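The structure appears right after this line, and notes come after that.
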Amino acid sequence: MSVRVRFAPSPTGFMHVGNARTALFNFLFARHNNGTFILRIEDTDIERHSEEAVNVIYEALKWMGLNWDEGPDVGGEYGPYRQSERLDIYKKYVEELKGKGLVYECFCTPEELDTMRKEQLERGEPPRYTGKCRDLTEEEKERLRAEGRKPVLRFKVPEDRIISFNDLIKGEIEIHSRQLGGDFVIVRSNGMPVYNFVVVIDDALMKISHVIRGEDHISNTPKQILLYEALGFPVPQFAHLPMILGTDRSKLSKRHGSTSVKEFRDKGYLSEAFTNFLALLGWYPKDGKEILSMEELIERFDIKDVNSAPAVFDTTKLNWMNQVYIRNYPIDKLTDLVIPYLEKAGYDVSKYDREWLEKVVEVTREYFTVLADAPIYMEMFLKDEFEVEEGAKEFVLEDETRLKVIENFYNRMKILEGELTPGIFKQIVKEVGKELKAKGKNLFMPVRIGLTGRMKGVELDILVSLLGKERVLRRIENSLKQLNEKSN
RNA sequence: GUCCCCAUCGUCUAGCCCGGCCCAGGACACCGGCCUUUCACGCCGGCGACGGGGGUUCGAAUCCCCCUGGGGACGCCA
């Protein structure tokens, strides 16, 4: 049997990292088994549906590199892939269940059900639908209809049955039909079918072989199995992924900080690092190799190796991974990715020579963990009118020879003829030190401050050789001015 | 409340199915050292866990039971 899996998100307007991981695992499973990865949009709840929200899903998946084989935009044999476009199909199966006498109309209003639930909870009973409307006569139904009530359709849950399934991750799971909360709704009063019903029809019709989804769906599974059986569909294999928790160990939600794919993308996490990190949330490769490309993930991924315990979403390791990826990324591509962040920081990137810019990225890349940090570290190459840091000013003014170092260095630079190479720079600094009897911190730190206004950063010889003599002079003038102002 | 799921370092986890090789291995983080006339990188080292209690067994992180703890689900949301 061929492997066909689907990722079926509801268009809520943002892609939660939990959903992103579910998509990833489905994708890895499909690719590893030479199967098909399908995208289906679950938009039966009209209020939530919007075009923009569907785009958010596309963007997130594309960014992560999860290309789908069948979906709303690319089509496929089993379309349409949007539930809102499959309403006629669902109707047919509603009729089938009606014909089999497995469903009935229920006229209870949401308010009535709500108070019923509250009463049950108060009495310490599990909330469940009692089956109140199960045996209404035609006259009673007419009367209720005349009151203006619109019925929902409920599926008759068998009284006494143990529903079991073998979960690929959790193992054997058994749930008694009495635990299902009574006969459940499959069609709303407005005529729209409900998730638990349509998901079964879609998965069956789309020939889904493995349903891989979050653990929070375990409780839905028995209801769905009942529907598969009622409709005579083969039941797929289930695999329920462990939950992703926040650092306080509760279900990851917005209050835990960044939880949407877009936020990570915007901060400047590389898609490869993000995907790699997500893959290790609940899954671990047999060989223990942690930095893995998409190809390597596909090669190693096995649903059986998925951990059944929940994982805490802690981005500390993601930061490390992102640094690893940044350090190893092809420099031209990394430069492309960095440019938007420079522009956002107000730099006119068009005025820089591309080759020069790539060199700057090359020497600063190890300093940033996310792309959004890039402008901070690249500033010392891009901006000549920088502010000298307060601490740096204090450092220089603490000892008068430190200021002299900067001035002496400046004077030597001024008379320099020929190219400013790393070697020449070192030689000049050495001469300065000799003349003023300064060494170590007292020598290099003032030069650094004169050059960048800061007390840390990249190797100075590399910095000056990329800056060139003219800019070096301009910068020292800038620093000196600020230092003299401060000393007066 | 009821049902379901889960339980190894702070975090991600290996080991658990098929008990001994585990006084529990790796990675991140943290701490220390080295390198570097700065910071970071890099290298080396350190700290650090089988939730508790009963069994079974010559022997349990591994098997069984109970407890505790955590999470999830109980919708005309998905």
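Order of the sequence lines sets the chain letters (A, B, ...), proteins ahead of strands, with each chain counted from 1. Note that the structure is predicted; figures quoted are calculated from it, not measured. Side chains included, hydrogens not; waters and symmetry mates left out as well; all remaining heavy atoms used.
When distances run from any side-chain atom of A/L245 to the nucleotides B/rG1, B/rG71, B/rA73, the shortest one goes to B/rG71. In the set B/rG75, B/rA29, B/rG72, the nucleotide with an atom closest to the side chain of A/T316 is B/rA29. Distances were taken from every side-chain heavy atom of A/P126 (C-beta onward) to each of B/rA78, B/rG1, B/rC5; the shortest belongs to B/rG1.
With hydrogens and angles ignored, the 3.5 Å screen pairs no side-chain donor or acceptor of A/R154 with any backbone N or O of A/Y104. For A/R21 (side chain) and A/G282 (main-chain N/O), no donor-acceptor pair under 3.5 Å exists by modelled atom type.
Residues A/N26 and A/R6 bring no donor and acceptor atom of their side chains to less than 3.5 Å of each other.
Nucleotide B/rG45 forms a Watson-Crick or G-U wobble pair with B/rC31, both donor-acceptor distances falling under 3.5 Å.
Residues meeting the salt bridge (Lys or Arg N to Asp or Glu O under 4.0 Å) test with A/R40, sequence neighbours left out: A/E42, A/D202, A/D203.
Side-chain atoms of A/S189 and base atoms of B/rC76 include a donor and an acceptor less than 3.5 Å apart.
Taking only side-chain nitrogens and oxygens, A/R117 comes nearer than 4.0 Å to OP1 or OP2 of B/rG75.
No engagement by A/T247 is indicated, since no non-hydrogen atom pair under 4.0 Å with the nucleic acid exists. Among the atoms of the strands shown, base atoms are found under 4.0 Å from some heavy atom of A/V152. Across all strands shown, A/C106 has no heavy atoms under 4.0 Å from either base or sugar-phosphate atoms. Within 4.0 Å (heavy atoms only), A/R128 reaches no atom of the nucleic acid at all. Heavy atoms of A/H176 sit nowhere under 4.0 angstrom from any nucleic acid atom.
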Sugar-phosphate atoms are those with a prime plus P, OP1 and OP2; base atoms are the rest. Using that split, label each nucleotide of nucleotides 39-49 of chain B B, S or - for protein heavy atoms under 4.0 Å, 5' to 3'. BBSS-------

Identify all pairs in which a protein N or O lies below 3.5 Å from an N or O of nucleotides 11-14 of chain B, and state each distance.
| unit_1 | atom_1 | unit_2 | atom_2 | d |
| --- | --- | --- | --- | --- |
| B/rC12 | OP1 | A/V312 | N | 2.5 |
| B/rC12 | O2' | A/L280 | O | 2.7 |
| B/rC12 | O2 | A/K317 | NZ | 3.3 |
| B/rU13 | OP1 | A/G282 | N | 2.4 |

